[in-house]
There are 2 protein chains.
Amino acid sequence: MSPTGDASSRSGSARRSSTLRPLVQQSTPARVAARVRRAIANGDFPPGSQLHEVALARQLGVSRGPLREGLQRLTQEGLLTAIRNRGLFVVDLTPENVRDMFLAREAIERCAASVLLRGDHAAAADALEPLLEQMARAAEAGDSHGVAEADISFHEKLVALTGSERLRRIHETQAAEARICVHALGSTYDNDVQRVAEHRAIAQALREGDAELTDRLLVAHMADAVAELVEASRTGQVRQEAD
Amino acid sequence: MSPTGDASSRSGSARRSSTLRPLVQQSTPARVAARVRRAIANGDFPPGSQLHEVALARQLGVSRGPLREGLQRLTQEGLLTAIRNRGLFVVDLTPENVRDMFLAREAIERCAASVLLRGDHAAAADALEPLLEQMARAAEAGDSHGVAEADISFHEKLVALTGSERLRRIHETQAAEARICVHALGSTYDNDVQRVAEHRAIAQALREGDAELTDRLLVAHMADAVAELVEASRTGQVRQEAD
DNA sequence: GGCGGTAGAGTTGTCGACATTCCTACGACA
DNA sequence: TGTCGTAGGAATGTCGACAACTCTACCGCC
């Protein structure tokens, strides 16, 4: 699952059967990072809040050593900010930060889409279909949170389908950032239906192999999301720590 | 310098004078990561070679704790690969890896260029000019290595000019990867002059605000580099550890 | 001669303890 | 009343030591 799971697949050109692949054993810091990343994305640690080492270490059942190593990974990702002798804090959702998040996300996802379009884009569209249906079901049920989750999963799948290790690794961080936004700024999208429509359009353009349209739709989709989130952070419905 | 230097600039909207900005104090793991990253980029540790903790810690004058935390950052970046109970290894330059490096780089740099084009692209072109001259001088002197270094610096500047923290952080890794390639696959570019011309063309298109041309030139430039490097790694002039 | 097993050295993984720094609360003083 | 100074507590930063694992070299055995 984790693109930096520290596998032992160093020699890339070794072709093994699916049942006899090199057994991966991810390191403790990698697992710590994955757990804490998920917790942050899940809203357990609001933006701006501090992560206390002793408490976290006890909760995860490890000592402070491996814990700190894992947290350093998240700091490198930009999910955490370190202040010397003070501690680690979850990234703040300032308008600048939100804009920057989606700028980088746009870079990765546009590239991912263009890769898919150079390959079997019809198959890629097929693979995205289940997530579209899931999103539509959530929208019908009025489950805005479910729509948002399916939304992000759609984009994760889009990137994963490229098979690019680096795009996947970078985007893992970006997906977490998106989930932070959803949890902190609320998934109060009264336009769930439009959201579903946007994704359907993207998948459709992808299926038809229309590179220019896919790109334009992706950019527009990102712009929409940014505008909405920045507006939400302006109107003050931010759920963050007083610190 | 380091985009993940763990500054204390959490509250983003604070406007201070240039002389009275918050004093940054980057953490030891961040400095360790920067040093080792530079060493790897400099070719001190060939692709595939192992990094020994005790020796490194002694060289850097820190204990194994902070050292390991710093190395975890590089592992997260993808510059190192961890194998449990065995150690950390510098990323291998398999053709797949090289292609993936430049795919992700293309994603970031195209985005960076488009950001610059939406802003003051003439000023951006001005800022790139010194690096072009430096590259030209190196080319005239027959200093292929100098050309390659100026080349990478050019691209670093391109991304830095956007002011995007995230693009910068991601690209820092990619610049290191590019330098690894140069050192391991040789900077034997018999076409230094063409290389300079390519960059001049990119800067020129940027200055004129021609978005489509800039984008096309960037993509072509990347494709050239990948083809060259993959070819070099095929013909076996790889300088990597027997391990 | 080849194969399996074993002891040794060296490395990584993990932990607990100490030093240092920061924050808070309290009290003295102008 | 406000400010300065200080002591206490709690957190982070760093280190050294022990445990566990891997690799290598050597030896016995078939």
Side-chain angles (χ1 to χ4, degrees), chain A residues 2 4-11 22-36 45 48-76 79-91 241-243, chain B residues 2 4-11 22-36 45 48-76 79-91 241-243:
Chain A
S2 174
T4 321
D6 306 337
S8 56
S9 58
R10 287 203 302 131
S11 50
L23 48 86
V24 297
Q25 216 174 357
Q26 60 181 359
S27 68
T28 306
R31 288 198 280 178
V32 167
R35 285 281 186 94
V36 178
F45 300 100
S49 65
Q50 182 172 7
L51 268 60
H52 292 275
E53 295 181 358
V54 276
L56 251 182
R58 199 173 45 232
Q59 284 181 315
L60 292 177
V62 295
S63 94
R64 282 179 57 221
L67 178 87
R68 283 173 59 93
E69 293 180 22
L71 295 183
Q72 283 295 325
R73 284 176 172 241
L74 300 184
T75 306
Q76 174 61 35
L79 258 41
L80 299 179
T81 303
I83 302 183
R84 185 150 187 156
N85 290 321
R86 288 236 309 174
L88 297 167
F89 301 83
V90 179
V91 60
E241 211 74 339
D243 194 25
Chain B
S2 174
T4 320
D6 305 337
S8 55
S9 58
R10 288 203 300 130
S11 49
L23 49 86
V24 297
Q25 216 174 0
Q26 59 181 358
S27 68
T28 307
R31 288 196 280 178
V32 167
R35 285 280 186 95
V36 179
F45 300 100
S49 65
Q50 182 172 6
L51 270 60
H52 292 274
E53 295 182 359
V54 277
L56 251 181
R58 198 174 46 233
Q59 284 181 315
L60 292 178
V62 294
S63 98
R64 281 179 57 220
L67 177 87
R68 284 173 59 93
E69 293 180 21
L71 294 183
Q72 283 296 324
R73 285 179 170 237
L74 300 184
T75 306
Q76 174 60 36
L79 257 42
L80 299 179
T81 303
I83 302 183
R84 184 150 188 156
N85 290 321
R86 287 236 310 175
L88 297 167
F89 301 83
V90 179
V91 61
E241 210 73 339
D243 196 24

Self-check item: Of the listed nucleotides C/dG13, D/dT12, C/dT12, the one nearest the side chain of B/R84
Solution: C/dG13
Exercise. Find the bend of the helix from C/dG1-D/dC30 to C/dA30-D/dT1 as the angle between its two terminal axes (five pairs each), to the nearest 10°.
Key: 10°
Practice problem: Indicate, with a heavy-atom threshold strictly under 4.0 Å, whether B/L51 touches base, sugar-phosphate, or nothing. | Solution: sugar-phosphate
Self-check item: Separation of atom CZ in A/R58 from atom P in C/dC15, rounded to whole Å
Solution: 14 Å
Exercise. Calculate the interatomic distance between A/Q72 atom CD and D/dT12 atom P; express it in whole Å.
Key: 13 Å
Quiz item: Quick one: is B/T28 getting a side-chain N or O under 4.0 Å of the D/dT14 phosphate, OP1 or OP2?
Solution: yes
Quiz item: Any sub-3.5 Å donor-acceptor pair from B/R64's side-chain atoms to B/V54's backbone N or O?
Solution: no
Quiz item: Distance from A/L51 atom CG to A/L56 atom CG, nearest 0.5 Å?
Solution: 5.0 Å
Quiz item: Starting at CG of B/L88 and ending at C1' of C/dT12, how long is that distance when rounded to a whole Å?
Solution: 9 Å
Quiz item: Under the 3.5 angstrom rule, does the side chain of A/E69 hit a backbone N or O of A/T28 as a donor-acceptor pair?
Solution: no
Quiz item: Does some side-chain heavy atom of A/L80 sit less than 4.5 Å from a side-chain heavy atom of A/V90?
Solution: yes
Quiz item: Between B/L79 and B/V36, does a side chain to side chain contact (heavy atoms under 4.5 Å, CB included) hold up when you go through it step by step?
Solution: CA-CA 10 Å; B/L79 257 42; B/V36 179; over 6 Å; no
Quiz item: Which of the following nucleotides, D/dT14, C/dT12, D/dT12, is nearest to the side chain of B/E53?
Solution: C/dT12
Quiz item: If you check the A/N85 side chain, which of C/dT21, C/dC23, D/dC23 turns out closest?
Solution: C/dT21
Quiz item: A/Q76 side chain to B/T75 main-chain N or O, any donor-acceptor pair under 3.5 Å?
Solution: no
Self-check item: Contact residues, residues 62-71 of chain B to DNA chain C [heavy atom, < 4.0 Å]
Solution: B/R64, B/R68
Quiz item: Do B/Q26 and B/R31 get their side chains close enough for a donor-acceptor pair, meaning under 3.5 Å?
Solution: no
Quiz item: Over how many whole Å does the gap from B/R86 atom CZ to D/dC21 atom C1' extend?
Solution: 12 Å
